[in-house]
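Written out below as structure tokens is the structure these notes cover.
We count ligands from 1, going down the list as the structure has it; atoms in each ligand are counted the same way. Everything quoted here is computed from the prediction, not taken from an experiment.
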Amino acid sequence: MIWLTGSQGMLGRLVAAELTAAGLPLHATDREVDLTDHRALAAGAPPEAPAWVINCAAYTAVDRAESEREAAWALNCDAVAHLARYCSTVGARMVHISTDYVFDGQRPHGEGYHEAAPVNPQSVYGRSKAAGEGALREELAAHLIIRTAWLYAEHGHNFLLTMLRLLAQRQELTVVNDQHGCPTYARDLAGAIVQLISCLEPPTGTVHFTNAGVTTWYDYACRIQRSALELGLLPAARTIAPVSSDQYPTAAQRPACSVLECRRIREQYAITPRAWQQALDDCLARLAAASNISPGR
Ligand SMILES: NC(=O)c1ccc[n+]([C@@H]2O[C@H](COP(=O)([O-])OP(=O)(O)OC[C@H]3O[C@@H](n4cnc5c(N)ncnc54)[C@H](OP(=O)(O)O)[C@@H]3O)[C@@H](O)[C@H]2O)c1
């Protein structure tokens, strides 16, 4: 039995699908089991002790977190500690998802952050996620923290769907060109999670997973437009102009370098993430298939 929290979120929905496809018994919960309420958490646990808890629930409103510190902390740190204590009590292992925002983003983008690099978050969201990692390490030895970045899927709130919407609505848009990272298809991460928990020797510690390669939001947006035009998901090409982060102020500071070094997952677990462009085309093809659009239309 696996308890999946945040099962209606962008990543959670795909983890649920992968677990179901793998034939693994699943207890899936989302908002109806409020993880920030300790009694609700205990009452919402599966009737039998799970072998794994996979925590995909999180407070992910990065900018809003700057003015909602308590809410971000309650779910990204305190609830993680409670879930970890629950796991410790029932003898379960826990997978927890974390983020590039735990780093300060100051590294030259040619060098990604490896798992042991010191954290130095620059936003409330990043601090709450780093605190959640720390709480989990303290409470439960049998944990696996998977850090990822720039997630997208064919559902949920993400850059890919925002770009497709804006490119359909506007003649011109501006996109930041001085932040580096790797777009990561949540479906690929979900597959990696199921592979990791299926290992004979259960993995522990911290591991990074993103798709392969490095780009900027601007180049990513251009690539989205090109592929979406080919697939008939957009009617016409629009102008995409590069801007610096200074020209696009946000409440929360974004890391200039979000590149995560993924050597550990490749070498230790034989999981080789595919190129981000290939994953993006796969996701766009699924979107086109879902909207009954054939390429070239
Ligand atoms: N998205 C990214 O680009 C990105 C990048 C790096 C790391 N991550 C990490 O990846 C993980 C998954 O992210 P995601 O984008 O899939 O998040 P998401 O779509 O926001 O999903 C989170 C889920 O948790 C639910 N939730 C909120 N408050 C809850 C509560 N009190 N109790 C139980 N469930 C609650 C949410 O419900 P509502 O929708 O109703 O709020 C949502 O279904 C998170 O740990 C995130 O920090 C994400």
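- Here the two rings, on Tyr101 and Tyr125, have centers that are under 6.0 Å apart.
- Every side-chain hydrogen bond (donor to acceptor under 3.5 Å, both in side chains) that Asn55 has, sequence neighbours left out, goes to Thr5, His96.
- Checked for salt-bridge contact, Arg187 and Glu154 meet the test: a charged N lies under 4.0 Å from a carboxylate O.
- Judged by a 6.0 Å distance limit and a 45° cone about the ring axis, Arg107 is positioned over the six-membered ring of Tyr113.
- Under 4.0 Å from any atom of ligand 1, one finds heavy atoms of residues Gly6, Gln8, Gly9, Met10, Leu11, Asp30, Arg31, Val33, Asp34, Leu35, Thr36, Cys56, Ala57, Ala58, Thr60, Leu75, Ile97, Ser98, Thr99, Tyr125, Lys129, Thr148, Ala149, Trp150, Leu151.
- Not a single ring pair (Phe, Tyr, Trp, His ring centres under 6.0 Å) links Tyr59 to another residue, sequence neighbours left out.
- Sequence neighbours left out, the pairs with a member in residues 268-281 that pass salt bridge (charged side-chain N to carboxylate O under 4.0 Å, His left out) are Asp188-Arg274, Arg223-Asp281, Arg274-Asp282.
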